[in-house]
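First up is the structure itself, then whatever we jot down about it.
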Number of protein chains: 2
Amino acid sequence: MTSLSDLSQLTGYSKATVSRAISGNGYVSKEARALILKVAQDLDYATNAIAQDLASGRSRNIGVVLPYVKAPFFRQVLEGILEKNFETGYKIVILPSNYNPKLEIHYLEQFRKKAFEALIFTSLQVSEATILDYQKYGPIILCHKPHSELIPASYVERKPGYHKVFQWLKEQQCSKVGFLLSRDVSPTTSVTLQAYEEVYGMKIKARQVKTGSVVPDDGYQLAPQLTEFDSIFANSDDIAANVWRWFDEQKLPKPLIVGQDCLLSGHLLNLPTVDNHYLDVGRSAFELAISKEIKQLATRSEFIRKR
Amino acid sequence: MTSLSDLSQLTGYSKATVSRAISGNGYVSKEARALILKVAQDLDYATNAIAQDLASGRSRNIGVVLPYVKAPFFRQVLEGILEKNFETGYKIVILPSNYNPKLEIHYLEQFRKKAFEALIFTSLQVSEATILDYQKYGPIILCHKPHSELIPASYVERKPGYHKVFQWLKEQQCSKVGFLLSRDVSPTTSVTLQAYEEVYGMKIKARQVKTGSVVPDDGYQLAPQLTEFDSIFANSDDIAANVWRWFDEQKLPKPLIVGQDCLLSGHLLNLPTVDNHYLDVGRSAFELAISKEIKQLATRSEFIRKR
DNA sequence: GTGAAAGCGCTAACAA
DNA sequence: TTGTTAGCGCTTTCAC
């Protein structure tokens, strides 16, 4: 555990000179540098990152709050963040929230204590007011469209892709569209239903919508409730694929099944899908996190009919 | 940016008393505490995590080195780590290596500078000698079986599961087994071929083995070279599924295809698989990281014929 | 070119 | 119960 003082003592130079020699900031004579570096080498000296952080007042940590890593959305957003972060010198810290607002608050508190220089929320349980509150401690980025204009965000503009989906389903003469969604109320849910209503020009009926569709197997579990439809819009390829599997096993005629997120499962079964470009969401979220600009970046989703 | 000193000045109490009041360590009179906490509240005071780290000499960071997050192995090991870490107070820092030894060294150097209290390598490019070298700075855990007994590790004991695979293939009268592997030389490769040779009692022939099978699509690309086999052992369900897809598209009779890792793709197509329990590998790796014990934990793989 | 000294913000041993 | 003091290890002015 060699420290700067040790080097200072052993070389006879002051801590300041040693610091300069080691860090390379400021003038040091050739001989001094040589000696100091040599002794440092011999003693296996390394600067203490924590002390540097304290002295410079920065942690270079960026926290990424996410409920879990399995889901395509969270996984890919994370991937985008890591990609952009590559070799920037920031450390990406994973903060699992499990959708628990208490935990989110806990992370916000750590943020307040300067444990992180920025926070990226891939999912938010606490209120936007709370976020607005904590913004004074640094950049907090959301990964969905906030109500407030004052919160930086990087999100998917889903409408365009969804419109295309429903236009296509309409062209295919589909008149009974069923929906698989995760929750009753969520921004994604409302934009989905809105797009449908705009294209089909009719209000959606409650029975068209099945919620509780989160993990792949939910597709299999919910499929029996979908026999009345001629088409299904699922919230993920993995789920869509499991709907397909149920119909396949039952030897029932299959409805048109549209998935999302361009996953392997959908590819294998040749299901149409929506590419939501989550990677880009992650990339932009990272940019926002280090830029300290308050702006909102939208990435447009894209309907992929054939692959 | 209120600091302890500010509180000390404003309340008239010493920094020590304020520190005690805030942290809850040590005696403070009711009145003192009340006053101090009130002023702290009013000033929106928060202890500085970096300063605490410096004073306590710990970062509470654990670095996880991984080439990328897409692959099931890395993703699931990470998941296991995060799960075990949940609410321990450690911060899990993702260190993408891209299989680049230079980067690995870079992270080891940060480790030396106390940026991390422990390091988990899910994949290792640098030599074990290098790891042995850096061990003096703290625990470094590997996620494959090391040659040296002196390096803590959590890994999959693949032999048992693989044996079962080949026994089953033999029972099914498969006499021409093809292999899809990522690299020519790797611990996994050799254990795979060894298991085959032990069960079949014969040397493997070079033409049975196709390498360069890494991402799902590689299965599709390599499939045309597999027509001579009556069975295929692939290194992942995703890859196995793509082999299946190619045969399906060509309307060729399908060989028995065995995958690995219990992924959705294999499930959809009802392919036999090997569960390598990567989650457990991650969980144990984390335990090792905080335990500072030098031991090696093996998780046995498991053949899953029907699901 | 170099060094003294003052911080960064907090903790902890010891005294009072 | 509280305060004094001395760090933790490094950076950075500002003189010399």
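A, B, ... follow the sequence lines: proteins, then strands. Residue 1 opens every chain.
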Worksheet entry | dG3(D) base / R20(B) side chain donor-acceptor hit below 3.5 Å | yes
Response to the item:
Testing dG3(D), dG9(C), dC10(D) for proximity to the side chain of N48(A), the answer is dC10(D)
Fill in: Side chain of A51(B) (C-beta onward), nearest among dT1(D), dG9(C), dA5(C)
dG9(C)
Worksheet item: So, is Y45(B) close to the dC10(C) phosphate, meaning a side-chain N or O under 4.0 Å from OP1 or OP2?
Response: yes
Item to complete: Rounded to the nearest angstrom, tell me the gap between atom CD1 in I22(B) and atom P in dA12(C).
Response: 15 Å
Worksheet item: Atom OH of Y27(A) and atom P of dC14(D): how far apart are they, to the nearest Å?
Response: 17 Å
Item to complete: Measure from the side-chain heavy atoms of K15(B) and tell me the nearest of dG9(D), dT11(C), dC10(D).
Response: dT11(C)
Worksheet item: Which listed nucleotide (dC10(C), dG3(C), dG3(D)) is nearest to the side chain of A55(B)?
Response: dC10(C)
Worksheet item: What is the distance, rounded to the nearest whole Å, between atom OH of Y13(A) and atom C1' of dG3(C)?
Response: 12 Å
Worksheet entry | Euclidean distance, atom CZ of residue R58(B) to atom P of dA12(C) [Å, nearest integer] | 12 Å
Worksheet item: In whole Å, what is the span from the CD atom of Q52(A) to the C1' atom of dT11(D)?
Response: 9 Å
Discussion item. Of the listed nucleotides (dG9(C), dT2(D), dC10(D)), which one gets closest to any side-chain atom of S3(B)?
Written reply: dG9(C)
Practice prompt. Examine the side chains of E104(A) and Y99(A) and answer whether a donor and an acceptor come within less than 3.5 Å of each other.
Written response: no
Worksheet item: Taking atom P of dT11(D) as reference, at what distance in whole Å does atom CG of L4(A) sit?
Response: 6 Å
Worksheet item: With a non-hydrogen cut-off below 4.0 angstrom, is T47(A) in contact with a base, only sugar-phosphate, or nothing?
Response: sugar-phosphate
Item to complete: Decide whether S8(A) and S5(A) meet the rule of one side-chain donor and one side-chain acceptor closer than 3.5 Å.
Response: no
Worksheet entry | Residues T88(B) and N85(B): side-chain donor-acceptor under 3.5 angstrom | yes
Discussion item. When you measure from the side-chain N and O atoms of S19(B) to the phosphate of dC10(C), is any distance below 4.0 Å, counting only OP1 and OP2?
Written reply: no
